[in-house]
Engineer: 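Please see the structure below; I have some questions.
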Amino acid sequence: MMANLVIDADLGQHKISRHIYGHFAEHLGRCIYDGIWVGEDSAIPNTRGIRQDAVEALRKIRIPNLRWPGGCFADEYHWKNGIGPREKRPSSVNSYWGQVTESNHFGTHEFLDLCEQLACEPYICGNVGSGTVSEMQEWVEYLTFDGESDLADLRRKNGRAEPWKISFWGVGNENWGCGGKMRPEYYADLYRRYQNALHDFGKNRLFRIACGAYEADYQWTEVLMREAAEQMNGLSLHYYTILGTWQEKGSATQFGEDEWFATLKKSMFMDEIVQKHGTIMDKYDPDKRVGLVVDEWGTWHDAEAGTNEKFLYQQNTLRDALAAGLTLNIFNCHCDRVKMANIAQTVNVLQAMVLTKDEKMIVTPTYHVFGMFAVHQDATLLPLNMSSTEYSHGDESISALNASASRDADGLIHISLCNLNPNNAMDLKCELRGAKPTRVSGQILTAAEMNAYNTFENPEAVKPAAFDCARLDGEDVVLEQPPKSIVVLEIAE
Ligand code: AHR
């Protein structure tokens, strides 16, 4: 099978924001408690209660931002429960996620300590579903006001003298669903009112993100852009790759080619919805000032047998890695509009980077994709044209190869390639117009089985390896990409 890729190496215009490579950590199942927060007295190595192995792993993939505290949890979160001496904090019920007791031991200060340990930017999602305008307003003052006020003094009393720098601020989560079952017209008015009360104190500048649509709900985007585009910096979008029904989505690890194909085809739908929401946004915002923020995305399978189904713990195979790779390629290619994205979720929930079991921690195939693709962070997107053969299964087909390319600050060109076909290798000729390549090297992520995954017993079943099958042929790069693989090439001039 043969494919051709033409890259305009001298025509890059748009920057791929590093924030496209963002993450999401909700108070859900074992994401925060166990996965991130173990407490200062834990035998698990920790820094001020935050587990060191998870921080170290996430720093390695250059996590740029972290969204918190939810998700649906954010729609019922009252931030004042999560400040002050831990033993005095009230407990509450995590109603959406198993009705378990929320100790509030991980709150504002702990989250911002986590972000400092990760060297990433916080993305806080405020409560519109059940919170008040003044509650959200006061949170911003508590966090970012440097002067004299009861709230700023309370922050100092709780151990933080300097205000934090907070940029990304979500005004509600899924307000068409768990965040209030609102109509877009009603939420658009509420959005205007809430955002108006969020002040930029001192030098702090909030990047205000309005709640956006789920999947292909274009009417939501139309109304929000029509009524409130001027008041927002970003508009969110949520889309999960789900097979079957909510009751039976299918196993994360036991599947055949039908499910492999269906998952990748559904993941490719992201391209269509990003384009169509983008077209509506263009109508009201032709200069693309408002970013599309895909702040929840990823694969959603049945919870692992024997675990609490409300905790959404799932394993993560090579199939999830391909879904992540092709989605990140889609975001890169639309980086003129997509300014940020957050895969769901960081640890122990849905398409996680990291899984933990007591003191053990493993990284997933999806984690490795984020590591390999980190070269695109803040690089300049290079336009490309791919003519690939189709990967057909049954009566359906999708393009077998999927790619994006960028040039980084040192002038290196990176091309990320996903071969979605689990059966056939792909010969690729890559023409780099406007470049004179002198060296090519690469990394590959693949495995013998399409459902290969890492376990606590065998943590390195799926991991990247050096890829030495790409070579220069004159000024072209040629390679044979193995079936069901992700390759990231580095090309120097
Ligand atoms: O990520 C899990 C849940 O999915 C989030 O809480 C919610 O926003 C979405 O429906």
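Order of listing sets the numbers, starting from 1, for every ligand and every atom in it.
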Engineer: Looking only at distance, does Trp300 have an N or O less than 3.5 Å from an N or O of ligand 1?
Structural biologist: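 No; the residue has no nitrogen or oxygen that sits under 3.5 Å from a nitrogen or oxygen of the ligand.
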Engineer: Quick one: which of Val369, Thr327, Ile486 gives a side chain to side chain contact (heavy atoms under 4.5 Å, CB included) with Cys418?
Structural biologist: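 So, applying the side chain to side chain contact (heavy atoms under 4.5 Å, CB included) to Cys418 and each of Val369, Thr327, Ile486, only Ile486 qualifies.
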Engineer: What are the atoms of ligand 1, with element, lying closer than 4.0 Å to any heavy atom of Glu174?
Structural biologist: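 Near Glu174, meaning under 4.0 Å from one of its heavy atoms, ligand 1 has 7 (C), 8 (O), 9 (C), 10 (O).
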Engineer: Pull out every atom of ligand 1 sitting under 4.0 Å from any heavy atom of Gly71, numbered as shown with elements.
Structural biologist: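 Answer, ordered by atom number: 5 (C), 6 (O), 8 (O).
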Engineer: Looking only at distances, can you tell me whether any N or O atom of His238, backbone or side chain, sits closer than 3.5 Å to an N or O atom of ligand 1?
Structural biologist: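 Checking ligand 1 against His238, no N or O pair falls under 3.5 Å apart.
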Engineer: Are the charged groups of Glu110 and Arg48 less than 4.0 angstrom apart, N to O?
Structural biologist: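 The answer is no: the pair does not qualify as a salt bridge.
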Engineer: List the steps and the verdict of side chain to side chain contact (heavy atoms under 4.5 Å, CB included) for Leu420 and Lys484.
Structural biologist: CA-CA 5 Å; Leu420 310 183; Lys484 55 176 163 31; over 6 Å; no
Engineer: Tell me whether the guanidinium CZ or amine NZ of Arg319 lies under 6.0 angstrom from the six-membered ring centre of Phe255 and within 45° of its axis.
Structural biologist: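 Judged by the rule (NZ or CZ under 6.0 Å from the ring centre, within 45° of its axis), Arg319 counts as positioned above Phe255.
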Engineer: Checking a contact table here: which protein heavy atom is nearest atom 7 (C) of ligand 1, and how many Å away?
Structural biologist: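 Its nearest protein heavy-atom neighbour is Glu296 OE1, 3.3 Å.
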Engineer: At less than 4.0 angstrom from any non-hydrogen atom of Gln345, what atoms of ligand 1 do you find?
Structural biologist: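 Taking each heavy atom of Gln345 in turn, ligand 1 has 1 (O), 2 (C) under 4.0 Å.
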Engineer: Which ligand 1 atoms are under 4.0 Å away from a heavy-atom of Leu350?
Structural biologist: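 In order of numbering, the contacting atoms are 1 (O), 2 (C).
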Engineer: Could you see which bit of Tyr214 sits under 4.0 Å from ligand 1, with heavy atoms only: side chain, backbone, both or neither?
Structural biologist: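 Under 4.0 Å from ligand 1, Tyr214 contributes no heavy atoms.
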Engineer: Can you tell which of Leu66, Asn65, Val294 makes a side chain to side chain contact (heavy atoms under 4.5 Å, CB included) with Asn342?
Structural biologist: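 Going through Leu66, Asn65, Val294 one by one, the side chain to side chain contact (heavy atoms under 4.5 Å, CB included) with Asn342 is satisfied by Asn65 alone.
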Engineer: For Glu102 and Tyr33, does a side-chain donor sit closer than 3.5 Å to a side-chain acceptor?
Structural biologist: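 On atom types as modelled, these side chains qualify, holding a pair under 3.5 Å.
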Engineer: Under 4.0 Å from ligand 1, counting heavy atoms only, is it the side chain of Asn173, its backbone, both or neither?
Structural biologist: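 Side chain only.
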Engineer: Is Phe24 touching ligand 1 with its side chain, its backbone, both, or neither, if touching means heavy atoms under 4.0 Å apart?
Structural biologist: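 Only the side chain of Phe24 comes within reach of ligand 1.
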Engineer: Would you check the N or O atoms of Cys72, main chain and side chain alike, for any that come under 3.5 Å of an N or O of ligand 1?
Structural biologist: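 Yes - when backbone and side-chain N and O of Cys72 are compared with those of ligand 1, one distance drops under 3.5 Å.
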Engineer: Using the disulfide (SG to SG under 2.5 Å) criterion, which residues pair with Cys178? Sequence neighbours excluded.
Structural biologist: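 Cys178: disulfide (SG to SG under 2.5 Å) contacts with Cys72.
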Engineer: Any idea which part of Tyr240 is under 4.0 Å from ligand 1, heavy-atom wise: side chain, backbone, both or neither?
Structural biologist: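 Within the 4.0 Å criterion, Tyr240 contacts ligand 1 through side-chain atoms alone.
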Engineer: Mind checking ring pair (Phe, Tyr, Trp, His ring centres under 6.0 Å) for His393 and listing every partner two or more places apart, or none if nothing turns up?
Structural biologist: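 Phe261.
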